[in-house]
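Note that these values count all heavy atoms, side chains included, but never hydrogens, waters or copies made by symmetry.
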Amino acid sequence: MLALSITNGLVIGIIYALTALGVSLVVGIMNVINFAHGEFYILAGYFSYLFAHTMGLDPVVAMVLSIAAVFLIGIVVEYTLIRPTYGDDLYSLILTFILSIVMQSTFLLVFGPFPNKPPNWVKGATNVFGLFLYGNQRLAALIAGAAVIALFFAMLKLTWFGRMIRATSQDREMAELNGINTRRLNMLSFGMGCALAAAAGVILSPVFPVTPSAGVPVALTAFVCVVLGGMGSMWGCVAGGLVLGLVENLGAAFVSTGYKHVFMYLILILVLLIRPSGLFGRSET
Amino acid sequence: MDMRMTKNRWLLAAGLVAFALLPWGLGVYHQHIMIVSLFYVMMAASWNLLAGYTGQVSFGHAAFAGIGAYASGILAAKAGVNPWVGVAAGTLLAAIFGFLVGILCLKLGGIYLSLTTLGFSEILHIIINNEYEITRGTMGLQVPGLLSEYSKLAYFYIFLAGALLTLGVVYRLIHSDLGLNFRAVQNDERAAASLGVDVVKVRVLAFTVSSALAGMAGALYGHYLLLITPQIPSLDQQFLVLSMTVIGGMGSFVGPVIGAFGLEILSEYIRAYGEYHVLAFGLVALAVARFAPRGMVGIFRSVWERRRQAAVHPSLPAESP
Amino acid sequence: MKKRLFFLSVMTAVVGMALVCAPVYAVDTVKIGVVGPRTGDAAATGKAFEEGIQLATAYVNAKGGILGKPLEIVFEDTAGAPDKAASGFERLVTRDKVAMVLGESHSSSALAEIEVANRLKVPFVVVEAWADPITAKNYRYVFRAGPSNSGVVKDTIAKWVVHEGFKKAYIVAENTDWGLGIAEISEAALKAAGVSYASLVTERKSQDHYMELAKIKEFDPDVVLAFIYGTGLHYFVAQAGEVGLTPKAVVLDGAGPPSLWPDFWTNVGDYGNLECFVSSMHKQVELTPLATQYREAYVKAFGQAPTDYKSRSIYDAILIAADAVNRAGATDAEKVVDALESTALLVTRGTARFGTEKGGPEYHQWMPPMLVIQWQNKEQVVLYPPEGATGKLKR
């Protein structure tokens, strides 16, 4: 039981982290909380289903296409909706909250209330360390999730774009003075935030099929991760995701299955009470 | 000018009397719509006090209504307390919770408040579902009505009184010295602080009052529906309240009133289209929020100003009322 | 300016109300209301209801309608939420002036609606909401032409568990009225039958059941009674296969329709094989000629055989309602209730008769026979009752 809950906690935690990275990126660069983050995750799941299941494309091709499509949609959303809200973080919160409801009802109209599940990449289950059986698709999701996170950090560290992101999230004015076009950077980072949600969506939708309203808990968990890790801190966000995944599963195993999802909100409140800047956040004045 | 003021006051009084007499000429179905609209007037007006006047977006407004509803409902259904006492207790409890949540996160600033209220609303949901024996979970808690005899007409006047009370409290607050502080806090936190305004205190106060008003609205609504379900403190409900305020006009006193009536009546019209109804709301709200952030009131105001300018004083700049 | 705006808003309200009150175009029909979820998590049930309504309206009107007028069904969405259900019910009565109301598939919603039915004195025939208190409250205006939790457990599920010789059972209940209610009744029934059991509660909307399944696996049951409605059941079945709980243990879907929904197989994959579920419909078990007629009409109208049995449940209810109003000779509520109480009508699932003895959930209830069916290589095999069985349990 312990081994299983730890493994499951890691798998779920990696996915939480992946989803939360997108939120964290957008908060860091633009100081915008994208309330519709979970809906972009779901949208990618639907795309992946459409491309792979309905159009019969190879699952991997379908996944890449879905992420690209969500990236583009993210850019359009930034251009049309988010751009006029810069400097007013509450205005963007209201806009994205409404956007999330609009997207949910659109999903319901287009795809119906039933869950949609893209095909599995792998079948069956593996006996992990001879302790318990674990679904292969979940193990694959763990690997894929970790790979995407590694790629993202490599990008941050190694590329010119990554340096721009780090510079801007540390000091926006300085970055502007140094000639960074923050307008374009905003657009790209919002798109990338959506693409990260999309990556999580395509990786996880074969395990947890997408439904129109399934994005809400996804986004809520991502927000808690971001607060827990510290607003805008990328590493904090990964740590936050893993902590949440573990706490939730250990809690379900040893405390209560019915109250599984309360643990993370308790953590949120504790963090706000004790260390509002989060695990890895810079504490501000 | 005086002439016009008195004339307006008379018109307002006449309008109110006409409105108060309206349900006598209506069937129960339409009385029901008016009662629900008045509930949303209370919700939207109190949410507006927070979002529109102090710039704090709470996603837990429906949750506070839920606290009021469940507190009052449980007291009445399980402990046999008089529902009116229950409503008072529910309002008080919502105020206490509002105060606690307020001091927990208001000093951290906007986004933290939004996220915490969201988390708060989720916790409430999970507790309601799990503490099945007390709250009756998704089945909903059946509660007694406010009156021994069920009468839509009586409920209409109760809700009208509740709505007028809410509007009165909001009006008094925003037209007091405190209201000036609200605005100062909203416009520029640092400037407000340097002028000696205790930013956190002002916000906590606004948040507590707003939560208490939501608690009262929720408690009354529960005793009207005779059934309290997790739908009252849900995000869907929160979305409706937010849309009503945004479409009507955030930060304007009458905006939420227009929004609440407009959307509730509209929603009765387009119910028949089932799933399209939420989408239509969402698209309208999105368009308004993006292109007319001051809502219907803002649109009306700018049209009116322009017309007045053109007709009365073609040469003078607009004077703000 | 402010005053003017306030005045404007009051006027908006007045004018708006006037618009809502626009005269309703009257057609001379007998109106009957149906309540059910057309949106929300169980919108599939609403779709099944719509199909049943279409077929039943055609059937009744072809036989001369009700009281010589055509039957008109007004379908009100409940979204599966009790408050919307209660106000929707009231809307049917106050706005549409329906003679009676049928339907519902959520116990929570039904429990809210029966209070309205009782207050407004409108006959209400519940179709697929199983919670015992719906009829156990013994309201004069409330009937149920469909299963109750205790009926399904006592007549079918518990007997099937004993019939198959299962020794250890695990009960998994979603945290809703239906789930917790039927779990409690199952515990009592298994105890009485001498079957050892354990149980746990899961979140209705939970997608990840691994921890729950680990607990179940430790208990090593022969059968798992899964009282999870909706797509949650799909996740549960798929994950039960992944962790190796099945096929050693058999999973019974205690609600039925989720195992018949179109996406069941996409969601569960091969792990759906050998899953059992409760249903009141099977193509080879047709208890009355009307059942055959129904299937043929369905195929003709929709181009395929019916899957979700709830389309047939609402069909039966409409026939029962039409019969009652015709015998009552008026749409007067008291007469209709009296007529319903003396119903003896052959419908698709047998002869409908409502219990009249007060005291328990049997009052005003007709319990249609239910089947336990197993998926064997994507074919439905009836396991229980023995007289209807088309095959044996495979493990």
Is the gap between the ring centers of Tyr41(A) and Phe208(A) under 6.0 Å?
no
Counting heavy-atom pairs closer than 4.5 Å to chain A, which one of Phe291(B), Phe239(B), Phe281(B) comes out on top?
Phe239(B)
Contact part of Phe59(B) toward chain A, heavy-atom cut-off under 4.5 Å: side chain, backbone, both or neither?
side chain
Compute whether any side-chain donor of one residue and acceptor of the other, for Glu39(A) and Gln104(A), lie under 3.5 angstrom apart.
yes
Quickly, which of Tyr91(A), Phe40(A), Phe97(A) forms a ring pair (Phe, Tyr, Trp, His ring centres under 6.0 Å) with Phe35(A)? Name it, please.
Phe97(A)
Please give me the minimum heavy-atom distance between Leu49(B) and Ala206(B), naming the atom from each residue.
CD2-O, 4.2 Å
Which atoms of Val101(B) approach chain A - backbone, side chain, both or neither, heavy atom under 4.5 Å
neither
Which atoms of Ser100(A) are under 4.5 Å from chain B, going by heavy atoms: the side chain, the backbone, both sets, or neither?
neither
Greater than 12 external heavy atoms within 6.0 Å of Met296(B)'s CE
no
May I ask you to name which of Ile269(A), Leu268(A), Leu93(A) has the most heavy-atom pairs under 4.5 Å with chain B?
Leu93(A)
Which portion of Ile101(A) sits near chain B, non-hydrogen atoms under 4.5 angstrom
side chain
Say whether Thr19(A) and His37(A), considering side chains only, have a donor N or O and an acceptor N or O under 3.5 Å apart.
no
At a heavy-atom separation under 4.5 Å, does Leu286(B) approach chain A through its side chain, its backbone, both, or neither?
both
What part of Leu242(B) gets closer than 4.5 Å to chain A, counting heavy atoms only: side chain, backbone, both or neither?
side chain
Heavy atoms only: give me the nearest Leu43(A)-Met103(A) pair and the separation to one decimal.
CD2-CE, 4.2 Å
If contact means a heavy atom pair closer than 4.5 Å, which residues of residues 211-228 of chain A contact chain B?
Val216(A), Leu220(A), Phe223(A), Val227(A)
So which atom in Ala252(A) and which in Phe263(A) form the shortest heavy-atom distance, rounded to 0.1 Å?
N-CE1, 4.1 Å
Is the number of heavy atoms from other residues, nucleotides or ligands within 6.0 Å of OH (Tyr79(A)) greater than 12?
no
Over 12 non-hydrogen atoms of neighbours within 6.0 angstrom of CZ in Phe99(B)
no
